[in-house]
Amino acid sequence: MAQGKGMACLHGGDAPIIYAKNNRRKIIQSLCRKWEKEYLCTRSVGYEAARNTDFVAVGCTVLIRELNIIRAMTYTIERVATLIGAHRYGNRDANIGFLLTDSRSLCFAEETLFFALKTDRNDGQHFIGDLYRRGVFNFVVEHLPDNYDTLYPDVNFLKVVNPLGALQRLAERHRDEFDIPVVGITGSNGKTMVKEWLYQLLSPQMVVTRSPRSYNSQIGVPLSVWLMNELTQIGVFEAGISMPGEMASLRSIIQPTIGVLTGIGTAHQENFASMEEKCSEKLKLFHDSEAVIYNADDDLIARCMEQSGYKGRRMGWSQKDRNAPLFVKTIEKKENTTTVTYVYNGKEGQYSIPFIDSASVVNSITCMAVSLYLGLSADDLDRRMQRLEPVAMRLEVKTGQHGCTLINDSYNSDVKSLDIALDFMNRRPDHKGRRHTLILSDIYQSGESPRELYREVSTLVQGRGVEKFIGIGPEISAQSDEIKVREKFFFESVDSFISSEVFRSLRDEVILLKGSRSFGFDLLTELLAQKVHETILEVNLNAVVDNLNHYRSFMKPTTKLVCMIKADGYGAGAVEIAKTLQDHRVDYLAVAVADEGVTLRKNGITSNIMIMNPEMTAFKTMFDYDLEPEVYSFRLLEALIKAAEKEGVAGFPVHVKLDTGMHRLGFDPNKDIDRLIARMQHQNAVIPRSVFSHFVGSDSDSFDEFSARQFALFDEGSRKLQAAFPHKILRHIDNSAGIEHFPERQLDMCRLGLGLYGIDSRNNHIINNVCTLKTTILQLRHVPAGDTVGYSRKGVIDRDSVIAAIPIGYADGLNRRLGNRRCYCLVGGKRAEYVGNICMDVTMIDVTGIDCKEGDSVEIFGDHLPVTVLSDALDTIPYEVLTCISNRVKRVYFQD
Ligand SMILES: *Cc1c(COP(=O)(O)O)cnc(C)c1O
């Protein structure tokens, strides 16, 4: 197995070796004394990295952590400036260990270098002031901030033409320091699973550095590669592209020695002329790799490989071709396992995995190919394959008992993913200022000694503001002294924790649960979660963000956006949706009534909030909580002005609604504008912040002419209003369907509603599904032909049937008119019709011929059954189905 040149053996008790340059020798000597480690200093070191760093330590990362916290390799700021070709302003001494592109993720300010990246939506330059106040002194910028030398004394600014390019260049130079195998994975799906499984397969015998979660973009890849350090023996990185031409930069950063192509699907196809073009773009990652692993039975991939002019070793695997470099002879599926027999280098071998789905099987074959190529023995491979764990990508947020919130992360337990989960916990605002608690199990396969590992964990949890620490497992308990959190508890097992006082006294805390699967954390979450009805609405927060970006792609970067989260976020739950939207910096949130706005404020939402139906009785609340009302009539306006004057409020922002054809609420642009202007000008209690109107039918082409008339009316009326005031008044009319259908009418701002929840009302189609309503089978019974099911004997059974009862009824929002076989739900992916009348709390479904048992999951609508199937069956719109889900249905949020 390849190792870095001059790298010492990390395992087996060898004396740790430290390579140090002279200037750091003293510090290291004293630290060695402190930590009672042996050391060896040399002047000329073989190990490449030592040329550029002040010192390198192997097997003794603790020392380095004392100096640099967690990152073993640091670069001086001069060195960084040289590497990225920057002009340096400022002369503060600094060692850089952390790269930051998102100010919200700041952790170790002193050692952080912030790259002020510019995206369509945002400019990192805006965050310099904030970061400076939080202790960051090193910035890569395109422009020096005005008065930088007086505003930011003692700060290093590295000025470059393109900060993103500089980030990529720095990662490239960092990569150059390593002469070790690096696996580069690309493909349309399965990248993360292959990466995680390779980690599981290889980490028992080598130190693997891999992309955290799915950091695979133009920004994510450099940040991932930067994580390699002296300990790293192999790198495993994902590369994802969405446009032609993106792979070249990722290739120079990853410089894979082994390439893996997982498969080509249709994702991002809109940006490529053909599947061939996309496949060829992906293959560019491998141009200089020693070997490439791919599915040779896939015609498209085989053809593109043929044309690529690739010179290295082609490790195509095949189920058909006995002479393929890797021949997959048989794939045998049993109840819970799959056994694969293969021939590699003329030798037959076999392994089993605890999965039977075909994606897992194909991914395991890819992982086998990489592992065998790296020299893993067939026996080790089989042993580790049998223990592969599923790759859970989700962070779940649940309501817990006794005022707690649970964040459940079942993703692989390791330090990097712990860091990401802690970051997530920190970023979610919490109005009650509740304590942050971490429950952590032993971490496996870190490649470090337990002492070093938990010292690292300690630094991390302190940096991320954990106030209470609960460690579970023998190893973490043995290292309890290393965890420097004031309130800390340790238990040998989940069972001993559950029977303890510490467990019983969890109250008003935000609790992050992070545990290796084998510790039985599932049981723990189950006990801590609030007990409710078995029916839940799962809300996918990633899909919300994907939908947001989908609609943003129709808008100019400068157009502002209001996200409509009225009716409790179209049923999805306004608070969590608002937290996610605030994190993605939308300009405004809009709710229907003042109380909804207050709930958001009380939950830590600081974004601008608009109230669409302000009640006359709630003006004071709006002033107190900074909730900006819509005004649609003179009566409302007068009352508002009066209330504001009484409270001594001046210049309170309001949003003026014009009625251009809906004939619901609003001022008439033909008749009311002059009077409105005159009234507004003769007071200073409120000022118009925006002016808007609403289309009656942007979701259907048949109203295009009417929409055009609405727009013309609005255009004229709103211009008149603007002309009467010196300040900018934002004009907006497009809703979700309008953004897509009339992008030319986006004006200053758009209002995104239903589209945020993944429903494209123009095409009655789901973009990225957000909400899934799920329940479970309570009871199964055989019902003979001739009997009936449910109230009033409506469900007549005409063949011997199996009927399941599920705990959801019209009181949960399952419309009673769906009963009597008008619609269906899904059990094990198969359609099960509603039989008889739907009851208040329970419903019966026909599962005849469907393989299922009591306790199995049932999907009412969601990822596999579009909500539009229900709204069509009810002859209504998806809005109604979504907003009718009652409050007793618990919302469970998750995110990758
Ligand atoms: C609800 C609402 C929207 C959002 O409409 P969608 O069709 O859900 O995008 C926009 N504007 C106003 C005034 C609304 O009330």
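Here, residue 1 is the first one in the sequence, and each next residue gets the next number. Numbering of ligands and ligand atoms starts at 1, following listing order.
- Using cut-offs of 30° and 60° on the angle between ring planes, the pair Tyr551 and Phe554 is tilted.
- Between Met612 and ligand 1, no N or O atom pair is found at a separation short of 3.5 Å.
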Going by atom type alone, with no hydrogens or angles, which donor-acceptor pairs under 3.5 Å involve a side-chain atom of residues 639-647 and a protein atom two or more places apart or on another chain?
none

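- Asn735 CB, 3.7 Å is the protein heavy atom nearest to atom 5 (O) of ligand 1.
- Between Tyr588 and His655, the ring-plane angle classifies as perpendicular under the 30° and 60° cut-offs.
- Among all non-hydrogen protein atoms, the one lying nearest atom 11 (N) of ligand 1 is Arg751 NE, 2.7 Å.
- Distances below 4.0 Å separate heavy atoms of Met564 from the following atoms of ligand 1: 2 (C), 3 (C), 4 (C), 12 (C), 14 (C).
- Looking at atom 9 (O) of ligand 1, its nearest protein heavy atom turns out to be Ser736 OG, 2.4 Å.
- Residue pairs satisfying the side-chain hydrogen bond (donor to acceptor under 3.5 Å, both in side chains) criterion with at least one member in residues 675-687, sequence neighbours excluded, are listed as follows: Glu638-Arg679.
- Using a 4.0 Å cut-off between charged side-chain N and carboxylate O, Arg821 and Glu833 make a salt bridge.
- Tyr879 OH, 2.6 Å is the protein heavy atom nearest to atom 7 (O) of ligand 1.
- Cation-pi geometry between Arg745 and Phe711 is met: under 6.0 angstrom from the ring centre, within 45 degrees of the axis.
- Among all non-hydrogen protein atoms, the one lying nearest atom 2 (C) of ligand 1 is Lys566 NZ, 2.4 Å.
- Heavy-atom contacts from other residues, nucleotides or ligands closer than 6.0 Å to CZ of Arg831 number 12 or fewer.
- Backbone and side-chain nitrogen or oxygen atoms of Leu754 are examined, and one is located within less than 3.5 angstrom of a nitrogen or oxygen of ligand 1.
- Remark: ligand 1 atoms within the under-4.0 Å shell around heavy atoms of Tyr570 are 1 (C), 4 (C), 5 (O), 6 (P), 8 (O).
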